[in-house]
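Before any comments, here is the structure.
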Amino acid sequence: MDDSVFNYDESKVPDYTLPDPLVFEDGSPVVDAGAWLVRRRPEILALFEEHVYGRAPAEPVTVSVDSTSLVAGALDGLATRKEITLRLAGASSHLDINILVYLPQARKGAVPLFIGLNFAGNHTIHADPGITVPTSWVPNTLQLGIEDHRATPASRGAASSRWAVEAILRRGYGLATIYCGDIDPDFDDGFNNGVHGLFARDDAHGDAWGTISGWAWGLSRALDYLEQDDSIDASRVAVMGHSRLGKTALWAGATDPRFALVISNDSGCGGAALSRREFGETVKRINTVFPHWFCTNFRAYNDRVATLPVDQHQLIALVAPRPVYIASAADDLWADPRGEFLAAVAASPVYRLMGMQNLLGREMPAVETPIHTRVAYHVRSGGHNVTSYDWEQYLNFADRWL
Ligand code: GTR
């Protein structure tokens, strides 16, 4: 396909055959849940590591709390606000990650919690003047009032429409968020800065981890901390992300089974959308514009997606049997809403094998008709964004399944 032309015409989607999650690489069938969990799941996970996201290093890091602040009665009395600086120490360097946590002030005991990365600083998710403004590099997002890669108090709350903080708290959930750039700044620096710099790197290997893998790994380190925090029920943590951070939420859910529920909001190519449809953003385009997101092996499929050993329905299937939510927006054709729905459908046989009967049907639902089966899906009207409608669905889904 000509690089400058993107297909938005359903009739031009090529014929394709998806790799079957329930057939081993040697061609034999996966006959029961045990065979899936013990043998097929690791096989697919390894294929994604090798060909798509890259492999996170196995060397240990030390995770310690460097500082904490706690303020009761924040947000007009609705919340307890905590900020935690987590220090990740590798063999020769360290990295500090700042976690913002809101807990319902009126809680009894440990609360379930949503965790998600944000694009441009913890202070953008709410106008709360108590949130620390990052001093590190942030993207030049003028809509968020950020210039010259420096965040200022002027960008407080700039992304607040994407974070239903009060609704989450009123429903009895906590919320944790981390600026993704604390874990790895979102630009191509040859994998030296951020989390990659903590480890010796061997770029001779095309499966060395990219930024999405680094972000997901950082979410797991945050979960290491949450497991130590008595105010949080770490067995009920939902990981949520939008767009590139939705790709990340899926990969975090796939690699770390401690995430009890996984939500992909408009994650598109390299997230929930089937690569083989080549609808909207393609593998070639994403690898060209964002060369740091995936491992370099992924580029080998730029012009031959049909030969990819995996497709994204298998990523969703890696979450099984945990609840997973795939959400699209009708006007966000770049992220291929239909391709996201079809991936959720094609992941469902794995859930069926694990004993779940009531799953998505083949018919894509109309806008604003959420289906909250264990593999859940909705498409809302409007464009690429996270809205209060999306959060309302995630809260209803978490009430049911978390
Ligand atoms: C786009 C990219 C998408 C999506 C989006 C975002 O430019 O093509 O894959 O990740 O950015 O993260 O907002």
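Because the structure is predicted, anything quoted here is derived from the model rather than measured. Just follow the structure's listing: the first ligand is 1, and inside any ligand the first atom is 1.
- Ring-plane geometry between F48 and W251 is classed as tilted, the angle between the planes lying from 30 to 60 degrees on a 0 to 90 degree scale.
- For the pair R276 and D15, the salt-bridge criterion is not met [side-chain N within less than 4.0 Å of a carboxylate O].
- The pair D390-R162 fails the salt-bridge criterion, with no side-chain N (NZ, NE, NH1 or NH2) lying under 4.0 Å from an Asp/Glu carboxylate O.
- From D336, atom CG reaches atom OG of S328 across 8.0 Å, with rounding to the nearest 0.5 Å.
- Side-chain contact, D184 with T211: a donor N or O sits under 3.5 Å from an acceptor N or O.
- Aromatic ring pairs are classed by plane angle as parallel below 30°, tilted from 30° to 60° and perpendicular above 60°; the pair F114 and W391 is perpendicular.
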Pairs under 3.5 angstrom, nitrogen or oxygen on both sides, ligand 1 versus protein: list them out, please.
| residue | atom | partner | partner atom | Å |
| --- | --- | --- | --- | --- |
| ligand 1 | 8 (O) | E281 | OE1 | 3.1 |
| ligand 1 | 8 (O) | E281 | OE2 | 2.5 |
| ligand 1 | 8 (O) | W334 | NE1 | 2.9 |
| ligand 1 | 9 (O) | K247 | NZ | 2.9 |
| ligand 1 | 9 (O) | E281 | OE1 | 2.5 |
| ligand 1 | 9 (O) | E281 | OE2 | 3.4 |
| ligand 1 | 10 (O) | S243 | OG | 3.2 |
| ligand 1 | 10 (O) | R244 | N | 3.2 |
| ligand 1 | 10 (O) | K247 | NZ | 3.4 |
| ligand 1 | 11 (O) | R244 | NH2 | 2.9 |
| ligand 1 | 12 (O) | S243 | OG | 2.7 |
| ligand 1 | 12 (O) | R244 | N | 3.0 |
| ligand 1 | 12 (O) | R244 | NE | 2.5 |
| ligand 1 | 12 (O) | R244 | NH2 | 3.3 |
| ligand 1 | 13 (O) | S243 | OG | 2.8 |

